[in-house]
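Take a look at the structure below.
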Amino acid sequence: MYVYDFSEGNKDMKDLLGGKGANLAEMTNLGLPVPHGFTISTEACNAYRKARSFPEGLLDEVAGHLKSLEEKMSRRLGDASDPLLVSVRSGAKFSMPGMMDTVLNVGLNDESVNGLAKQTGDDRFAWDSFRRLIQMFGKTVMGVDGEKFEHALDEAKEHHGAKTDVELTPDALHALVDEFKKIVSKETGRAFPQDPVEQLHLGIEAVFNSWDNKRAQDYRRKNRISDDLGTAVNVQSMVFGNKGEDSGTGVVFTRDPATGDKAPTGDYLQNAQGEDVVAGIRNTLPVKDMESLQPQAWEGLVKNLDRLEKHFRDMCDVEFTVEQGKLWMLQTRIGKRTAQGALIMALDMYEEGVVEYDSALLRTAPNRLDELFKPVIDANAKNM
């Protein structure tokens with residue numbers, strides 16, 4: 001068995017499902033609003049690496065789980081009239097740089113983009129989603145230099161007098177899609193794949209291959225992580241943060257990782273998809289601003305953050321999306337923190353009864369204690 005539905009796993013299965021897949025399963029079983037999906041195991045990755053091809057039976061399992069996902073969502077992948085779209089993400093046991101970036105909107109093509117526009121009643125949203133797919137897929141799966149897409153996007157914004165991509169019209173985005181497809185053809189010698197299932201298979205293969213790229217290998221050498229672990233692949237139904245001002249995406253910590261303060265801390269971006277937050281192409285808002293912008297989603301997020309922290313007994317790092325006011329939880333993991341933040345959190349969580357004394361005592365690694373004695377810049381200091 002190589003493929004597991006989110007409901008079939010738990011947080012203790014990181015060796016098999018990777019950190020991301022195990023925690024998606026845990027959130028699903030907690031009843032949190034997690035988009036449906038499935039995880040392809042690290043065993044499948046290692047079998048692929050050994051044979052340099054998909055192991056026997058894997059694609060049949062993927063097809064079976066995809067059919068189940070389609071039934072849950074009442075849509076078919078890439079359907080011309082009402083398409084199901086999915087994301088493809090890597091997820092090893094340990095988070096590491098060098099692994100394949102996320103690919104969103106898998107399933108869009110020249111036909112289904114019109115179905116998405118009809119389904120949502122929003123031409124701009126549909127063409128924006130399609131240009132994002134070609135840009136991410138071209139870069140991470142097909143190996144196109146990402147700067148070529150960025151240059152074309154900048155030229156389009158300049159031509160149409162737009163300061164940001166959200167100001168581009170449907171016609172401008174349609175033209176940008178055509179330009180992106182030309183870039184893919186020129187740089188790779190093949191057209192952007194129109195078959196949704198082929199897109200999915202190529203995405204899975206790219207995740208497997210990313211385990212052995214040089215950056216990932218170097219990181220494992222430095223951190224003494226075994227090459228034998230492999231990476232899992234998470235295939236998840238899409239939810240959209242770029243459907244307008246009542247939508248958005250964000251990254252949030254259940255507590256401040258720098259100071260340890262007990263308050264949600266992070267970034268939020270309206271009318272955006274997940275990669276926009278980390279790409280730095282638009283200025284994000286403090287996540288606390290959601291309280292006034294989208295109070296219902298904020299209330300749900302705060303409750304879920306509290307529930308996750310109590311369940312994992314630690315500060316959590318969470319990715320989420322709001323789609324037209326509805327909150328979706330996309331990922332969680334134990335968050336990284338400064339030495340000061342670790343010390344304060346450990347003391348607070350002990351006093352709150354979240355952790356036992358011995359556990360709190362071990363929350364700060366001895367080799368980081370010297371950080372507590374180094375001078376820091378006052379965050380509230382005024383310019384001199």
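Quick note: residue numbers are just sequence positions, from 1. Values reported hereafter were calculated over all heavy atoms of this structure, with side chains retained and with hydrogens, waters and symmetry mates removed.
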Worksheet item: Are Lys288 and Glu291 ion-paired here, with the side-chain N under 4.0 Å from a carboxylate O?
Response: yes
Throw together a table of side-chain donor-acceptor distances under 3.5 angstrom for residues 239-248, partners on residues two or more places apart or in other chains.
| unit_1 | atom_1 | unit_2 | atom_2 | d |
| --- | --- | --- | --- | --- |
| Asn242 | ND2 | Asp128 | OD2 | 3.1 |
| Ser247 | OG | Gln324 | N | 2.8 |

Worksheet item: Is Phe94 close to Lys14 at the side-chain level, that is, under 4.5 Å between some pair of heavy atoms?
Response: no
Discussion item. Using the side-chain hydrogen bond (donor to acceptor under 3.5 Å, both in side chains) criterion, which residues pair with Lys72? Sequence neighbours excluded.
Written reply: Asp5
Fill in: Atom of Leu327, atom of Leu301 and distance for their closest heavy-atom approach
CD2-N, 3.4 Å
Fill in: side-chain hydrogen bond (donor to acceptor under 3.5 Å, both in side chains) against Asp289, all qualifying residues, sequence neighbours excluded
none
Worksheet item: In the single-linkage hydrophobic clustering (I, L, V, M, F, W, Y; side-chain heavy atoms under 4.5 Å), do Val318 and Met349 co-cluster?
Response: no
Fill in: Side-chain donor-acceptor pair present, Glu167, His160, cut-off under 3.5 Å
no
Worksheet entry | Lys157 versus Leu168, closest heavy-atom pair with distance | CA-CD2, 4.1 Å
Discussion item. Test of understanding: with side-chain hydrogen bond (donor to acceptor under 3.5 Å, both in side chains), list the residues that count as partners of Ser68, not counting sequence neighbours.
Written reply: none
Worksheet item: Do Ser41 side-chain atoms and Tyr2 backbone N/O form a donor-acceptor pair below 3.5 Å?
Response: yes
Discussion item. When you compare the side chain of Phe208 with that of Val233, does any pair of heavy atoms fall below 4.5 Å?
Written reply: yes
Item to complete: Check whether any side-chain heavy atom of Ile40 lies under 4.5 Å from a side-chain heavy atom of Val62, and answer yes or no.
Response: yes
Worksheet item: Quick one: are Thr102 and Glu319 in side-chain contact, heavy atoms under 4.5 Å?
Response: no
Practice prompt. Check salt bridge (charged side-chain N to carboxylate O under 4.0 Å, His left out) between Glu155 and all other residues, then give those that pass, not counting sequence neighbours.
Written response: none
Worksheet entry | Distance-only polar pair, side chains of Thr39 and Asn234, donor-acceptor under 3.5 Å | yes
Item to complete: Look at atom CD of Gln296 and say whether more than 12 heavy atoms of other residues, nucleotides or ligands are closer to it than 6.0 Å.
Response: no
Practice prompt. Identify whether the distance between the nearest side-chain nitrogen and carboxylate oxygen of Asp228 and Arg220 falls below 4.0 Å.
Written response: no
Worksheet item: Applying the side chain to side chain contact (heavy atoms under 4.5 Å, CB included) test to Leu104, which of Gln135, Arg132, Met136 qualifies?
Response: Met136
Fill in: Minimal non-hydrogen separation, Met315 against Glu309, with atom names
CA-OE1, 4.0 Å
Discussion item. According to side chain to side chain donor-acceptor pair (under 3.5 Å), does anything in residues 168-189 pair up with another residue at least two apart or in another chain? List the pairs.
Written reply: Asp110-Lys181
Discussion item. If the condition is salt bridge (charged side-chain N to carboxylate O under 4.0 Å, His left out), which residues does Asp145 pass it with, not counting sequence neighbours?
Written reply: none
Item to complete: Give a yes or no on this: more than 12 heavy atoms of other residues, nucleotides or ligands lie within 6.0 Å of atom CD of Glu111.
Response: no
Fill in: Pairing of Arg75 and Asp79 as salt bridge, 4.0 angstrom limit
no
Discussion item. For a salt bridge (charged side-chain N to carboxylate O under 4.0 Å, His left out) check, start with the C-alpha distance between Asp165 and Arg131, then their side-chain angles and the critical distance, and finish with the verdict.
Written reply: CA-CA 11 Å; Asp165 56 313; Arg131 74 92 184 164; 2.8 Å; yes
Worksheet item: Taking the six-membered ring where the residue is Trp, are the ring centres of Phe180 and Phe149 under 6.0 Å apart?
Response: yes
Fill in: Other ILVMFWY residues reachable from Leu17 by side-chain steps of under 4.5 Å
Met1, Tyr4, Met13, Leu16
Worksheet item: With side chains defined as the heavy atoms from C-beta onward, is the minimum distance between Val322 and Trp328 less than 4.5 Å?
Response: no
Worksheet item: Are the charged groups of Glu299 and Lys303 less than 4.0 angstrom apart, N to O?
Response: yes
Worksheet entry | Residues in side-chain hydrogen bond (donor to acceptor under 3.5 Å, both in side chains) contact with Asn109, at least two apart in sequence or another chain | Ser112
Response to the item:
residues 333-351 vs side chain to side chain donor-acceptor pair (under 3.5 Å), sequence neighbours excluded, gives Ser95-Arg333, Asp314-Arg337, Asp317-Arg333
Discussion item. Can you tell me if Arg124 has over 12 outside heavy atoms packed within less than 6.0 Å of its CZ?
Written reply: yes
Item to complete: Mind jotting down which residue pairs meet the side chain to side chain donor-acceptor pair (under 3.5 Å) criterion with at least one end in residues 201-217? Sequence neighbours excluded, please.
Response: Tyr48-Glu205, Tyr48-Asn209, Arg49-Asp212, Arg52-Asn209, Lys214-Asp218
Worksheet, complete the sentence: Residues at least two apart in sequence or cross-chain that pass salt bridge (charged side-chain N to carboxylate O under 4.0 Å, His left out) with Glu356, listed by chain then number, are none
Practice prompt. Could you walk me through whether Phe38 and Phe6 pass the ring-ring contact (aromatic ring centres under 6.0 Å, His included) test, one step at a time?
Written response: CA-CA 5 Å; Phe38 55 87; Phe6 288 167; 7.8 Å; no
